[in-house]
Student: 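Below you'll find the structure I mean.
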Amino acid sequence: MADFDIFDTVADLRARGAPFCVATVVRTADVTSAKAGAKAAVTISGEIVGHLGGTCVKRAVASAAEQALASGQPRMIRVKPSDKVVTLLDPDGVQTFKSGCPSGGTVDLLIEPYRQAPRVVIFGDTPIAQAVAAHATLAGFRVCLGSEGVGQIESRDFVLVASQGQGDRDTLRTALETPARRVSMVASRKKAQVLCDKLIAAGMEEAHVGRLKSPAGLDIGAVDPHEIALSILAEIVQWRHADSALETGGAHDEKLA
């Protein structure tokens, strides 16, 4: 471990595209085994690579890292002796965790999540599809075209059907069968309803179909493909922030560890 460098570990995790957190000790009080500045990487499976202290600290860090990855937001935590923990949050707003370690020290840690940007998965080879791909790339999203990357779609990704008459029903079925929370379609409300009714009649669950938003995009009076793409991307950005706010709010409902 003499040549161990936490930044090599971080670089490797980034290169693999794996979600992880960086945990940094920012302050200690009384006796602790880890000192300010100590860092570790916490993988999606909860493995801690690096030294942060004893078991009590590691348990708290693993729990906080899971919450940070779920919300996508950094968080400060404090691990301190059980007899000093009174409430979920200390007066300064830092989330507290109980420690049963005999050293009796207090450790403040910053937990910073890293995960790649959400995907925008676009079905269709139309001017609108191409324009959305260009705008989404500029906005920092990972763009997947057609069936590319469908197997890796997560709930936080965004799926757009822009086939516009080219195998619409089959394309919409594929889109709605993904785990993406947000699915939209470039189509009139009436056309989308007809397609959805056919999918339900063919056996698709109404809950899956109910995720569809059509027409895609915000109503900004868009006319040409790039204006329409702008309205679609604006809606995706709006969804992204709304979903993040919900996840962050949910992360506040936690118990003392």
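This chain uses plain numbering: 1 for the first residue, then up along the sequence.
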Student: Whether E154 and R119 form a salt bridge (side-chain N of Lys/Arg under 4.0 Å from carboxylate O of Asp/Glu) is what I want to check.
Tutor: yes

Student: Does R189 have more than 12 heavy atoms from other residues, nucleotides or ligands lying within 6.0 Å of its CZ?
Tutor: no

Student: Who else is in L195's hydrophobic cluster (ILVMFWY, side-chain heavy atoms under 4.5 Å, direct or via others)?
Tutor: V121, F123, V150, I153, V159, V161, L172, L176, V183, M185, L199, I200, M204, V209, L212

Student: Go through it in stages, so that I can follow the logic: the residues are Q166 and T126, the test is side chain to side chain contact (heavy atoms under 4.5 Å, CB included), and I'd like the CA-CA distance, side-chain angles, deciding distance and then a yes or no.
Tutor: CA-CA 9 Å; Q166 303 172 24; T126 61; 4.0 Å; yes

Student: Members other than V237 in its cluster, when Ile, Leu, Val, Met, Phe, Trp, Tyr link by side-chain heavy atoms under 4.5 Å?
Tutor: V120, I122, I128, V132, F141, V143, L145, F158, L160, V186, I228, I232, L233, I236, W239

Student: Step by step, would you call I111 with V42 a side chain to side chain contact (heavy atoms under 4.5 Å, CB included)?
Tutor: CA-CA 9 Å; I111 312 296; V42 188; over 6 Å; no

Student: Search all heavy atoms of A129 against all heavy atoms of A162 and return the closest pair with its distance.
Tutor: CB-CB, 3.9 Å

Student: Please say yes or no: joined through hydrophobic side-chain contacts below 4.5 Å, possibly via intermediate residues, are F97 and I48 part of one cluster?
Tutor: yes

Student: Without hydrogens or angle criteria, can the side chains of Q152 and D157 be said to hold a donor-acceptor pair below 3.5 Å?
Tutor: no

Student: I220 and E227: side chain to side chain contact (heavy atoms under 4.5 Å, CB included), yes or no, with the steps?
Tutor: CA-CA 9 Å; I220 61 172; E227 290 182 348; 5.6 Å; no

Student: Hey, is D90 close enough to R78 for a salt bridge, meaning N to O under 4.0 Å?
Tutor: yes

Student: Pair S99, K80 - check side chain to side chain contact (heavy atoms under 4.5 Å, CB included), show working.
Tutor: CA-CA 5 Å; S99 170; K80 62 183 185 178; 5.9 Å; no

Student: Compare every heavy atom of M76 with every heavy atom of D108, then report the nearest pair and how far apart it is.
Tutor: CB-CE, 4.3 Å

Student: Would you name the heavy atoms of G54 and S33 that are closest together and state the gap between them?
Tutor: N-OG, 3.7 Å

Student: Is L110 close to V25 at the side-chain level, that is, under 4.5 Å between some pair of heavy atoms?
Tutor: no

Student: Table please: side-chain donor-acceptor pairs of residues 14-24 below 3.5 Å, with sequence neighbours left out.
Tutor:
from	atom 1	to	atom 2	distance (Å)
R16	NE	D12	OD2	3.1
R16	NH2	D12	OD2	3.0
T24	OG1	K39	NZ	2.9

Student: So does E235 pair up with R182, basic N to acidic O under 4.0 Å?
Tutor: no

Student: Are there over 12 heavy-atom neighbours, none belonging to D219, within less than 6.0 Å of that residue's CG?
Tutor: no

